[in-house]
Q: 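Questions regarding the structure given below will be posed in turn.
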Amino acid sequence: MIISGAVHPSITTNLLKSLADPDIVDLSYALAVFRRIPRPSNFQWNTIIRACSRNQVPQESVALYREMCREGVTPDVYTFQFLFKACSQCSSIREGQTVHGNFLKLFDGSDIFARNSLIHMYSELGHIEVARRIFDGMDQKNVVSWTMMVGCYAKIGCMDEARSLFDQMPERNVVSWTSMIASYVQIHQFEEAVGFFKKMVSSNIKPDVVAMVSVLSACSHLRELDLGKWVHHFVSKERIGMTRHLAVALIDMYAKCGDMDAARQVFDSMGSKVLVAWNAIIDGYCKLGKLDVACSLFDQMGDRDLVTFNSMITGYVQNSSFKDAFLLFSELWHSGLKPDNFMIVSLLSACANLGALYQGKMLHAYIEQSSAEPDVFVGTALVDMYAKCGLIGEAKQVFNIMPNKDVLAWTVMISGLALHGDGKSALDHFLLMREEGIRPNRVTYVAVLSACSHSGLVEEGYFHFNEMVSIFNIEPQIEHYGCMVDLLGRSGYLKDAERLIQSMPVEPNAVIWGSLLGSCRVYNDVELAEKAAKNLLVLEPQKDAIYILLYNIYNSTGRWSSAVELRGMMEGCGIRKLAGCSTIVIEGIVHEFIAGDRSHPQFDEIQTMMSAMATRLKLAGHVPRISQVSLDIDEEEKENILFNHSEKMAIAFGILKLGKNIPIHILKNLRVCRDCHSAIKLIAKIWNREIVVRDRSRFHHFRQGQCSCGDFW
DNA sequence: GTAGGGTTAG
């Protein structure tokens with residue numbers, strides 16, 4: 001509707017009044033009406049000033065206030081109330097102080113509403129002390145004054161202060177309680193949030209929609225399905241109108257608790273589905289691995305935003321569908337949307353999983369030139385990516401310049417160092433972290449103990465394992481026992497490892513038995529290996545590695561008949577050895593080598609290089625460890641098979657294609673065999689190359705005839 | 001006429 005001509009004053013006032021209603025406000029229309037008023041009244045000025053602040057154009061409110069003063073209209077307390085609100089939205093303390101000064105010139109400041117608005121303004125502008133002074137100076141305070149002062153402290157995470165004020169309140173209403181609940185949610189103290197909600201209900205304060213939305217968010221994080229259901233039930237019982245906020249909170253709660261049927265019911269019952277609701281339900285399906293359902297919803301929806309894409313991409317990454325993740329990312333890129341920190345983190349995690357250094361570096365470059373400020377999530381994801389892609393030095397560099405390192409950032413750095421066999425540096429970082437006053441958690445201890453196990457630090461391992469319990473009260477989980485079994489076993493204390501398994505309060509899982517079996521292979525302990533394999537086969541009857549390890553142990557210890565028998569069993573069960581596969585990336589292109597495979601287009605060239613490698617290795621005194629090959633074939637053939645292991649092919653290709661100063665990075669799907677390990681040490685020396693191999697459990701840095709793992713892996 | 005609320009990441 002366009003306003004033309006003069007309008008009767010009473011009509012404009014009523015129009016403005018209705019326009020001030022937050023649900024039907026249409027600012028441009030309201031302004032058009034306002035501008036048609038010849039001499040606006042005090043009330044009309046107030047209405048339009050409030051409308052501007054409600055519509056997120058607080059600067060306009062301040063401008064209108066100035067105009068009002070110029071026109072000679074005297075502002076009243078209401079004017080100032082709306083102005084204080086506008087100033088808090090402008091986030092300009094200067095503006096706020098000026099308006100506050102103007103207010104004091106006209107009024108003595110005893111008006112409780114105006115004072116409350118001032119408390120709110122100073123709180124929003126981050127000047128808590130001023131807010132507190134105003135609060136303390138009030139002769140009369142109402143429940144809103146108290147609630148806002150509580151909110152002041154809560155907003156900046158000073159929950160002790162907030163709580164002590166809350167306890168002193170003469171009376172509390174639903175907003176006071178919700179303020180506490182929402183603040184605990186914001187600082188991730190979800191148990192406290194739930195506790196306050198329960199206390200509120202038992203104090204006979206009836207929760208309203210906002211209180212329920214707040215507590216539902218806590219339920220989502222805590223997977224508190226029962227309380228979540230109670231809230232939902234309460235909504236129907238009390239006939240509380242379902243708002244969009246509430247519906248989304250319910251969908252999210254059900255989705256996070258894994259009850260997708262209930263989530264879907266709420267979603268389907270929504271009249272007009274807001275984007276946030278779509279995002280919440282899609283994320284739920286992604287998290288449960290139901291990517292097909294998520295994908296079909298994704299296709300059905302109209303508008304999508306970054307959150308939608310982020311949920312889908314993260315879903316793909318966490319289900320190891322890395323290709324789909326990158327495909328969707330390119331769709332997003334071409335649609336003109338720019339990735340935010342959330343998406344960069346998910347993509348970096350994909351790169352870390354894939355060992356995709358090239359793409360990881362591209363993302364790093366993107367972060368550096370992008371205007372978005374990298375946060376602790378991005379920093380940690382970068383550290384993790386570099387560590388898992390073999391560049392531990394780069395990982396350290398990124399870590400060192402990170403400003404606010406939290407416990408996870410430290411943990412990722414420590415586990416990166418562990419992965420690269422630098423146990424000493426990992427433990428140094430652990431000490432530094434504690435000096436910074438950061439409390440380690442369970443995951444940190446997994447990293448610390450695995451650092452000990454990857455570097456053979458038995459004493460240190462015991463020390464930290466004990467401290468974890470005695471100082472930090474962390475009950476050892478199966479992962480911690482796994483690290484300890486690994487540490488003891490690999491260091492040759494097989495009996496102690498076995499004893500630890502027997503004394504654990506938890507049932508040993510496949511990781512524990514697998515680790516023990518691996519250690520038995522190193523020390524060729526047949527008896528214990530058989531015990532471990534027997535337990536393992538109950539848990540993972542189809543796993544090829546169990547048979548292979550035991551088979552190798554039989555071979556190495558000359559138990560040929562047992563070996564033959566085992567092979568028969570394998571064949572009988574239809575179990576085949578997973579083929580060794582190594583990849584190397586050259587100029588962004590992934591080259592894949594499978595043991596014995598001749599399909600690479602440059603195979604002849606590679607073959608020539610491999611022969612040269614074999615000759616020079618022999619000259620350097622390398623004796624192939626043919627006991628690693630378990631086939632009934634002659635010695636020369638065994639040597640050939642060893643020499644066609646995928647990592648050797650990939651390295652040959654790397655030497656051919658990469659400049660002398662560029663480290664050769666190889667990714668392998670299995671563990672490096674002993675023969676390859678000693679061969680690669682020599683290759684690194686003979687060709688004077690740095691070779692980095694990421695195998696299934698760790699990194700090996702080969703340099704000058706040595707490996708960073710100290711032959712302990 | 002002043003106060004509290006929903007979706008994504010390491």
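So you know, we letter chains A, B, ... as the sequences are listed, proteins then strands, and number each from 1.
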Q: I need the CD1-C1' distance between Ile344(A) and dT8(B), as an integer number of Å.
A: 13 Å
Q: Among dA9(B), dA3(B), dG6(B), find the nucleotide with the atom closest to the side chain of Val248(A).
A: dG6(B)
Q: I'd like to check Phe113(A) versus Val77(A) (side-chain heavy atoms, cut-off strictly below 4.5 Å). Are they in contact?
A: no
Q: Counting side-chain heavy atoms from C-beta on, which of dT7(B), dA3(B), dG5(B) comes nearest to His120(A)?
A: dA3(B)
Q: Please list residues of residues 394-411 of chain A whose heavy atoms come under 4.0 Å from any atom in DNA chain B, ordered by number; otherwise none.
A: Asp406(A), Leu408(A), Ala409(A)
Q: Below the 4.0 Å mark, does dT7(B) have OP1 or OP2 next to a side-chain nitrogen or oxygen of Lys256(A)?
A: no
Q: Is the distance between the ring centroids of Phe430(A) and Trp410(A) under 6.0 Å?
A: no
Q: Just verifying a value: how many Å separate Met343(A) CE and Ser311(A) OG, rounded to the nearest 0.5 Å?
A: 9.0 Å
Q: Quick one: label Asn173(A) by what it contacts on the DNA or RNA (base, sugar-phosphate, nothing), any heavy atom closer than 4.0 Å.
A: base
Q: How long is the line joining CD1 of Ile134(A) and C1' of dT2(B), in whole Å?
A: 13 Å
Q: Is Phe377(A) stacked on the base of dA9(B), with ring centres under 5.5 Å apart and planes under 30° apart?
A: yes
Q: Let me know which of Thr380(A), Val446(A), Thr444(A) forms a side chain to side chain contact (heavy atoms under 4.5 Å, CB included) with Thr411(A).
A: Thr444(A)
Q: Has Lys199(A) got its NZ or CZ under 6.0 Å from the middle of the six-membered ring of Phe196(A), at an angle within 45 degrees of the ring axis?
A: yes
Q: With a non-hydrogen cut-off below 4.0 angstrom, is Ala255(A) in contact with a base, only sugar-phosphate, or nothing?
A: nothing
Q: Just to be sure I understand the rule, does Val209(A) reach a base, reach only the sugar-phosphate, or reach nothing, if contact means heavy atoms closer than 4.0 Å?
A: base
Q: Looking at Lys287(A), does any N or O in its side chain come under 4.0 Å of the phosphate oxygens OP1/OP2 on dT7(B)?
A: no
Q: Nearest-Å distance, CG (Asp375(A)) to C1' (dA9(B))?
A: 8 Å
Q: From CG of Leu382(A) over to P of dA9(B), roughly how many Å is that when rounded to an integer?
A: 18 Å
Q: Rounded off to whole Å, could you give me the CZ-to-P distance for the Phe342(A) and dG10(B) pair?
A: 10 Å
Q: Rounding to a whole Å, what distance do you find between Arg115(A):CZ and dA3(B):P?
A: 18 Å
Q: Below 3.5 Å, can you tabulate the donor-acceptor pairs from side chains in residues 312-326 of chain A to any protein atom, sequence neighbours excluded?
A:
from	atom 1	to	atom 2	distance (Å)
Thr314(A)	OG1	Asn310(A)	O	2.7
Thr314(A)	OG1	Ser346(A)	OG	2.7
Asn319(A)	ND2	Gly315(A)	O	2.8

Q: Between atom CD1 in Ile205(A) and atom P in dA3(B), what is the gap in whole Å?
A: 19 Å
Q: What's Thr147(A) touching, base or sugar-phosphate or nothing? Going by heavy atoms closer than 4.0 Å.
A: base
Q: Could you tell me how far apart Met148(A) (CE) and dA3(B) (P) are, to the nearest whole angstrom?
A: 6 Å
Q: Heavy atoms under 4.0 Å, any strand shown: does Thr243(A) hit a base, just sugar-phosphate, or nothing?
A: base
Q: Using a heavy-atom cut-off of under 4.0 Å over every strand shown, decide if Val376(A) touches base, sugar-phosphate, or nothing.
A: base
Q: Show every side-chain hydrogen bond (donor to acceptor under 3.5 Å, both in side chains) that has at least one partner inside residues 121-134 of chain A, sequence neighbours left out.
A: His100(A)-Tyr122(A), Ser123(A)-Lys155(A), Glu124(A)-Lys155(A), Arg132(A)-Asp136(A), Arg132(A)-Tyr153(A), Arg132(A)-Glu161(A)
Q: Give the nucleotide from the list dG4(B), dG5(B), dG10(B) with an atom nearest to the side chain of Gln318(A).
A: dG10(B)
Q: Tell me which nucleotide among dG5(B), dT7(B), dG1(B) gets nearest to the side chain of Val213(A).
A: dG5(B)
Q: For a quick check, tell me whether the side chain of Thr178(A) and the base of dG4(B) share a donor-acceptor pair closer than 3.5 Å.
A: yes
Q: Name the nucleic acid region contacted by Val144(A), choosing base, sugar-phosphate or nothing; use a 4.0 angstrom heavy-atom cut-off, strictly under.
A: base
Q: Considering only side-chain heavy atoms of Val345(A), which listed nucleotide, dG10(B), dT2(B), dT8(B), is closest?
A: dG10(B)
Q: Please work out if Asp76(A) contacts a base, only the sugar-phosphate, or nothing of the nucleic acid, heavy-atom cut-off 4.0 Å.
A: nothing
Q: For the atom pair CZ (Phe80(A)) and CG (Asp111(A)), what is the distance rounded to the nearest 0.5 Å?
A: 11.5 Å
Q: Can you tell me if Arg172(A) uses its side chain to pair, donor with acceptor, with the backbone of Asp167(A) under 3.5 Å?
A: yes
Q: What does Val185(A) touch in the nucleic acid at a heavy-atom separation under 4.0 angstrom: a base, only the sugar-phosphate, or nothing?
A: nothing
